[in-house]
Every structure is written in structure tokens, then in C-alpha cells.
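Both backbone and side-chain heavy atoms feed into the values below; hydrogens, waters and symmetry mates do not. Note on naming: letters A, B, ... go to the chains in the order of the sequence lines (proteins, then strands), and numbering restarts at 1 for each one.
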Amino acid sequence: MQLSEQEINRRKSLEELSRLGIDPYPAELFDINTSAREIQQHYPGKAFPAVSLAGRIMTRRIMGNASFAELQDETGRIQIYVRRDDLCPGEDKTFYNVVFKKLLDIGDIIGITGHVFTTQTGETSIHVSSLKVLSKSLRPLPIVKETTDEQGNVHLHDAFTDPEQRYRMRYLDLVVNPHVKDTFIKRTKLVNSMREYLNAKGYLEVETPILQPLYGGAAARPFKTHHNTLDMTLYLRIANELYLKRLIVGGFQGVYEFSKDFRNEGMSRFHNPEFTQVELYVAYKDYYWMMDLVEAMIEKVALDLHGTTEVKVGDQLINFQRPWKRFTMFEAIQHFTGIDIAQMTEAQLRDTCRQLHVPADETMGKGKLIDQIFGETCEPHLIQPTFIMDYPVEMSPLAKKHRSVPGLVERFEAICNRKEICNSFSELNDPLDQRQRLEEQLELGKRGDEEAMTLDEDFLRALEYGMPPTAGLGIGIDRLSMIMTNSPSIQDVLFFPQMKPEKGGGVHIEKELEALGVRAELIPLVQKLGIQSVAQLKELKPTKLFNDLAGMRKKLKLEIANPTLEEIEAWMK
RNA sequence: GAUCUCGUAGCUCAGUCGGUAGAGCAUUACACUUUUAAUGUAAGGGUCCUGGGUUCGAAUCCCAGCGGGAUCACCA
């Protein structure tokens with residue numbers, strides 16, 4: 001492995017610590033009796049004569065025989081004041097002069113004891129009486145500094161902002177970018193808030209299979225895997241709808257599940273291959289009832305997270321206060337375009353698309369055309385939470401037919417900040433109608449629609465035994481978290497968003513090169529040339545590699561013998 | 001998949017007309033007993049993403065590729 005100068009320094013410090021009899025990774029626990037936040041909030045109202053806390057060193061200001069450093073724990077930062085003669089009351093000043101000043105670095109984790117006081121500059125600080133190394137950090141931490149100008153604005157310096165680095169190394173992002181932690185804490189609060197709400201209503205939180213023999217409940221391409229013992233194909237679920245409905249058939253009155261679902265589709269600012277939904281099914285209810293529940297629950301979430309129903313998202317202020325605006329899809333289209341499409345035939349809808357400059361093609365049926373017009377002309381205007389009701393039947397094979405309007409289903413979505421945040425129906429519980437709709441989906445599948453639903457005979461069997469009228473709901477937790485935390489990308493609300501694999505970096509390359517007969521002293525040179533695999537090496541022309549290696553040796557001023565061309569040709573075989 | 005854009009020190013970024021590669025922080029050394037982006041002095045650190053082309057000469061201009069980001073398309 002190629003170590004940077006700073007990494008080498010830190011490894012040397014590590015050895016030096018061991019030599020001085022200090023275990024850089026001690027096994028025993030370190031007792032903590034407070035936190036940075038607790039001290040910051042309660043001092044000086046409350047005295048802290050004997051604190052013990054632990055955290056990571058984030059800044060250091062060393063001045064001779066006294067030093068300041070900032071310690072960061074889970075709750076925030078606090079300054080510590082370290083004096084030589086406190087740490088080393090006797091003759092031997094090694095622990096301060098060598099261990100603290102030289103062998104510790106930014107990023108190291110230490111535990112301290114001491115008392116809280118206020119410095120001359122007014123900063124609440126801990127006067128350290130003892131210090132213990134808890135974990136030595138071997139890599140330099142990207143240091144973010146902040147200053148506050150006269151207007152009180154905070155400026156960041158050397159911010160760790162590269163999105164790729166932040167997502168790949170979320171642990172670092174969390175250490176150096178404090179607001180990131182807040183986002184994820186809010187996300188968890190959001191889930192807890194919903195869970196409280198649903199539990200208070202007496203609904204049962206359940207778990208259903210992630211590995212499913214048939215994928216259903218949504219229209220999406222699945223991830224496929226294989227079970228060895230059963231020798232069968234299994235799919236990662238794209239939704240859990242069909243399993244939760246089976247539980248309603250089984251007699252539960254309300255069931256819900258926070259579920260990771262998986263869809264093998266494009267990735268974007270709004271799409272990650274695995275994402276979280278909460279799905280809820282309640283017997284003897286319909287979609288109007290569910291609208292009331294959604295309003296109430298999301299309003300509570302906003303209040304729990306922000307203490308108000310108003311949430312700032314980008315430059316919009318979104319208000320989740322009940323009641324939300326309600327439109328049928330036709331009303332929304334009429335509202336935003338002035339055109340009433342309720343009675344239109346397919347041909348008329350196609351004309352309307354042309355008139356409104358909405359892209360449409362010949363494969364689109366009536367339902368798809370309506371959805372297209374809505375998506376193009378209405379969705380971009382829907383900032384405040386709005387319910388859109390009554391969708392074309394073609395697009396909703398699991399929703400019950402509308403009680404009064406033919407061709408529609410009893411379905412609604414809540415749109416907020418131009419995006420769908422939930423989807424809900426009066427669930428289809430007529431087993432014959434359901435079979436027919438799924439068979440239509442099968443037809444679509446045969447015609448090449450990769451997202452068409454499959455036909456799950458066991459699910460239909462369950463419906464045939466009888467499912468009560470039921471209202472169902474799915475809420476995208478990631479999308480809602482984006483809104484509730486003012487995050488522009490789904491990657492900001494996922495700890496570890498899916499990324500392309502990192503390039504190269506195989507640890508075994510050194511051994512493989514050795515096996516080829518490359519001299520040990522030349523291996524770092526080969527790596528320095530950016531060669532990360534044997535295959536890559538073998539693609540090069542021997543003469544080029546020869547030149548490059550010689551050049552690199554010269555550049556690095558290494559006192560080693562250049563490889564000969566014959567030597568290199570031998571590697572290539 | 002398309003378009004735009006970026007790639008320079010560990011980090012954040014300058015780099016003029018094509019002419020010896022820069023700053024701050026970080027690192028190393030020394031000084032310093034209340035600092036807070038500590039300070040002062042000194043030092044080390046670079047495949048200027050890769051490959052090709054133009055040129056006496058390329059971080060800089062041209063072409064291709066790789067990687068990242070953004071926008072769009074796809075995503076009931």
C-alpha cells in the first residue's frame with residue numbers, strides 16, 4: 001500500500017506511543033459522565049467540578065506549556081485547556097511535551113477528566129487534569145474551519161464538499177460536517193413520529209418477506225437472485241403490498257411496515273436502487289378516510305421535527321397544516337390548463353397533448369395520456385401539499401374502481417414540492433376483477449413491458465377467501481425526508497447511497513506483481529504509474545513500461561537498479 | 001443514454017499571451033502559560049486525470065478516453 005507522508009508520520013507516532021508504554025487502542029472502557037452539549041447548555045448556571053468525557057480532537061492550538069484543543073463528541077464540540085504541569089506534576093514532562101504535543105494528532109480519540117471553567121476570552125472550556133489516548137487515527141482528517149464575521153455569518157474554510165467523497169466516506173462526512181448528522185437525526189425522528197402515530201391508533205407493525213418468489217405490488221423491474229438449496233429464483237421485493245393485504249385477509253384490522261424496497265431502475269437525484277417506504281393497510285376504510293390520516297400524520301411529523309407546520313425547502317416555504325387542497329386529476333388539469341378532459345376520447349386526448357405541447361406517442365393509451373398531461377401541466381405547479389384523486393384505471397391494477405365515475409379508480413397521491421410523496425387507494429378486494437386486471441398486466445408483460453406486474457396466484461387465492469374493504473397507503477420515506485430536511489438529493493438522506501464501485505485499489509496487486517517476478521523495490525514504482533492490475537500491466541508495451549519506470553525512478557531519485565527490457569518482457573508473459 | 005461542466009500538493013483553490021508549478025490550511029522542526037481560522041520563524045510535499053496531436057517548448061491549445069458533478073431522458 002502506498003502511504004502518504006502524513007500517514008507514515010502517524011504510524012511512527014503510533015509506534016512511539018507503544019514504546020512509551022501507552023496502548024493506542026486500550027481495551028478497557030472509559031467512563032463518561034457528561035457531554036459537550038450538556039456542558040455548553042448548563043454552564044455556568046450549573047457547576048461541573050469533575051467531568052469525564054471522550055471524543056475526537058478536532059483542532060489544536062499549542063502554545064508552549066499550555067495548549068487548547070477542541071474535542072468533538074456525538075453532541076458537539078467543547079474546548080479543552082491542557083497545561084503541562086497539570087498533566088505532568090512531577091519532573092518527567094514527557095506525557096505533555098512528547099505524547100500530547102507531538103504524538104497526538106487531529107482526529108485522534110481521547111478521554112479526559114477535569115473541571116469546567118471560562119477562559120479570559122469567555123469560552124466555556126474544560127481544564128484538563130488527566131488525559132488518556134483511546135484511539136490513534138492513522139489518516140489525516142479533512143479539517144473544516146469556520147469563522148464568524150461581524151454580521152454573524154458563518155464562513156467555512158477548506159470544507160469537505162466533494163459529493164463523491166462525502167457519500168463514499170460518510171463516516172468522514174459525519175465527523176467534519178455537523179449538519180449532516182442533523183439530517184439523519186431528523187430522518188430517524190420522522191420515522192419515529194410516524195411509528196408513534198400509527199401505534200397510537202392500534203395498528204400492528206409487521207415484517208414481511210424481502211426475498212419473494214414473485215415480485216408484485218408495484219410496476220418496476222426487480223433485482224433477481226437465487227436460492228441454492230431450493231434451486232429457485234427469488235426477487236428482492238419492489239413493494240410489500242400483496243403480503244400486507246394477505247394479513248388483512250387474515251383478520252388484522254390495521255398493519256404497517258417500514259420496508260426497504262428494491263427497484264432495478266435508473267438512478268437520479270430522486271432514485272436510489274434501494275429505498276424505504278412505509279405501507280399501511282386499514283380494514284373497513286376507504287381512500288377519503290386515508291386522506292384525513294395522511295394529513296394528520298404528516299402534519300404531526302412536521303410539528304415533531306420543526307415545532308411548526310411550516311418547512312423551508314429550497315426557496316419555498318411549505319405549509320403542512322391541515323386541511324390540504326384536494327383536486328381530482330381532471331379538476332387539476334382544468335385548473336392549470338383551462339381544459340376539461342373528463343369526457344374526452346383517446347383521439348381528443350391526443351389532440352389536447354398536441355395543443356398543450358405535451359409529448360405523447362402512439363403506444364400511449366387513454367390512461368397514459370391523461371397521466372402524461374397531468375405530469376406535464378400540473379405537477380410542476382404543485383408546491384404546497386395537495387391531494388390528487390381519481391386516476392385512470394389502466395395505471396392502477398390494484399385499486400378499486402371508482403364508486404361513481406367509470407374508467408377511474410379510487411386512488412390519490414399527495415404531491416408536495418413537485419414530487420409524489422404518497423400513493424393510496426381504496427384497495428381492490430373483488431377477486432374476479434383483480435384477476436382480470438392482473439391478466440391484463442400479463443398481456444402487457446408479454447408485449448415487452450418490463451415493468452408490468454406478475455400474477456400471484458396465492459395472492460388471488462387469499463382475495464377469494466375474502467378481504468374486507470380496505471384503504472392502503474404507501475409513503476416514500478426518502479422523498480419525505482428530503483422535504484423535511486431541505487435536502488436537494490436523495491443521497492443526502494441515505495447514509496450510504498448506492499455508488500459506482502471505486503476504481504482499483506486491490507490489496508493483492510503487490511503479491512501478484514511479485515508472482516510475476518517483479519523485484520520488490522520496483523513494485524511501488526509500478527503502482528505509482530497508476531497500474532492497478534496485472535491485466536492492465538500486460539496491456540502495456542514493454543518498451544513504454546521500460547521508459548516509464550526509468551523515468552519514475554529518476555524522478556523519485558531512487559537508488560535502485562533500473563529494470564532491463566528483458567526483465568520487463570519476462571513479466572509480460 | 002444525451003448535453004454542459006470540472007479534474008493542479010493531504011484539503012480548498014489560484015495559475016495571465018503557450019515559456020522554470022503557486023497560496024492558505026494540513027504536515028515536519030523551533031519558540032511561546034488563556035488561545036480560538038492562535039501567532040512567529042523555517043522546511044518538506046506535484047504523473048498538473050490518462051493517451052495522442054500541434055509546437056523549439058503544453059497545466060494552458062486541439063482530439064480521444066477515464067472519473068466526478070449538474071441538467072435532461074428513463075423511472076405505474
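The interatomic distance linking Leu103(A) (CG) with U28(B) (P) rounds to 10 Å, in whole Å. Going from atom CD of Glu123(A) over to atom P of A37(B) covers 10 Å, rounded to whole Å. Taking atom CG of Asp173(A) as the reference point, atom P of U12(B) lies 12 Å away to the nearest angstrom. Distance, Asp261(A) CG to A76(B) P: 14 Å, rounded to whole Å. In this structure, the CZ atom of Arg10(A) is 8 Å from the P atom of U28(B), given to the nearest Å. Taking atom CD1 of residue Ile57(A) and atom C1' of nucleotide A26(B), one finds them 15 Å apart after rounding to whole Å. Whole-Å rounding puts the Arg60(A) CZ to U39(B) P distance at 15 Å. Between Gln491(A) atom CD and G69(B) atom P the separation is 7 Å, expressed in whole Å.
Minimum heavy-atom separation, Gly216(A) to Ala239(A): O-CB, 3.7 Å.
For Arg269(A), a side-chain nitrogen or oxygen approaches OP1 or OP2 of U71(B) to under 4.0 Å. Between Arg61(A) and the phosphate of U35(B), there is no side-chain N or O to OP1/OP2 separation shorter than 4.0 Å.
Of the listed nucleotides (A76(B), U33(B), U27(B)), U33(B) has the atom at the smallest distance from the side chain of Asp85(A). Distances from the side chain of Glu420(A) to the nucleotides U33(B), G10(B), A76(B) place A76(B) closest. Listed nucleotides: A76(B), U33(B), A38(B). Nearest to the side chain of Met63(A): A38(B). Nearest to the side chain of Asp105(A), among A26(B), U35(B), U28(B), sits U28(B). Comparing U28(B), U33(B), A76(B) by their closest approach to the side chain of Met395(A) singles out A76(B). Comparing U33(B), U28(B), A76(B) by their closest approach to the side chain of Ala66(A) singles out U33(B).
Under the 6.0 Å cut-off for aromatic ring centres, Phe68(A) and Tyr81(A) qualify, their centroids lying closer than that.
Residue contacts for Phe117(A): at a heavy-atom cut-off of 4.0 Å it reaches a base atom on one of the strands shown. Across all strands, Thr119(A) comes closer than 4.0 Å to base atoms (heavy-atom distances).
Across A58(B) and G18(B), the matching C1' atoms stand 6 Å from one another, rounded to whole Å. Only the P atoms considered, U47(B) is 12 Å distant from C11(B), to the nearest whole Å. A distance of about 15 Å separates the C1' atoms of G57(B) and A21(B), rounded to the whole Å. When the P atom is used for both U60(B) and C48(B), the distance is 10 Å, rounded to whole Å. On the P atoms, U16(B) is 14 Å away from C6(B), given to the nearest whole Å. Between A23(B) and A43(B), the distance separating the two P atoms is 11 Å to the nearest Å. The gap from the P atom of C61(B) to that of G1(B) amounts to 28 Å, rounded to the nearest Å. Atom name P, nucleotides G51(B) and A59(B): the rounded distance is 12 Å, in whole Å.
Using modelled atom types, one finds no donor on one side chain facing an acceptor on the other under 3.5 Å when comparing Arg84(A) with Asn97(A). Side-chain contact annotation: Gln277(A) with Ser259(A), donor-acceptor N/O pair under 3.5 Å absent. Residues Asp492(A) and Tyr167(A) bring a donor and an acceptor atom of their side chains to less than 3.5 Å of each other. Side-chain atoms of Thr113(A) and Ser130(A) form a donor-acceptor pair, as typed in the model, at a separation below 3.5 Å.
Looking only at side-chain heavy atoms (C-beta outward), His402(A) and Val409(A) stay at 4.5 Å or farther from each other.
Remark: C32(B) base-pairs with no nucleotide; criterion is Watson-Crick or G-U wobble with both hydrogen-bond distances under 3.5 Å. The partner of G1(B), taking Watson-Crick or G-U wobble pairs whose two distances both stay under 3.5 Å, is C72(B). Summarising the base pairing, G19(B) is matched to C56(B) through a Watson-Crick or G-U wobble pair whose two defining distances lie under 3.5 Å. A 3.5 Å limit on both hydrogen-bonding distances identifies G24(B) as the Watson-Crick or G-U partner of C11(B). G51(B): Watson-Crick or G-U partner is C63(B), with both key distances under 3.5 Å.
If you check distances only, the side chain of Gln120(A) never reaches the base of U35(B) with a donor-acceptor pair under 3.5 Å.
In this structure, Tyr43(A) and Phe48(A) have tilted ring planes: the angle between them lies in the 30° to 60° band.
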Are there any protein N/O atoms within less than 3.5 Å of an N/O atom in nucleotides 29-31 of chain B, and if so, which ones and at what distance?
{"unit_1": "C30(B)", "atom_1": "OP2", "unit_2": "Lys102(A)", "atom_2": "NZ", "d": "3.1"}

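Cation-pi geometry between Lys419(A) and Phe270(A) is met: under 6.0 angstrom from the ring centre, within 45 degrees of the axis.
Ser426(A) places a side-chain N or O within donor-acceptor distance of the main-chain N or O of Tyr287(A), the cut-off being under 3.5 Å.
Comparing Glu265(A) and Arg84(A), the nucleotide of RNA chain B nearest to each residue sits closer to the 5' end for Arg84(A). Mapping Thr59(A) and Asn423(A) onto RNA chain B via the closest heavy atom, the residue that lands nearer the 5' end is Thr59(A).
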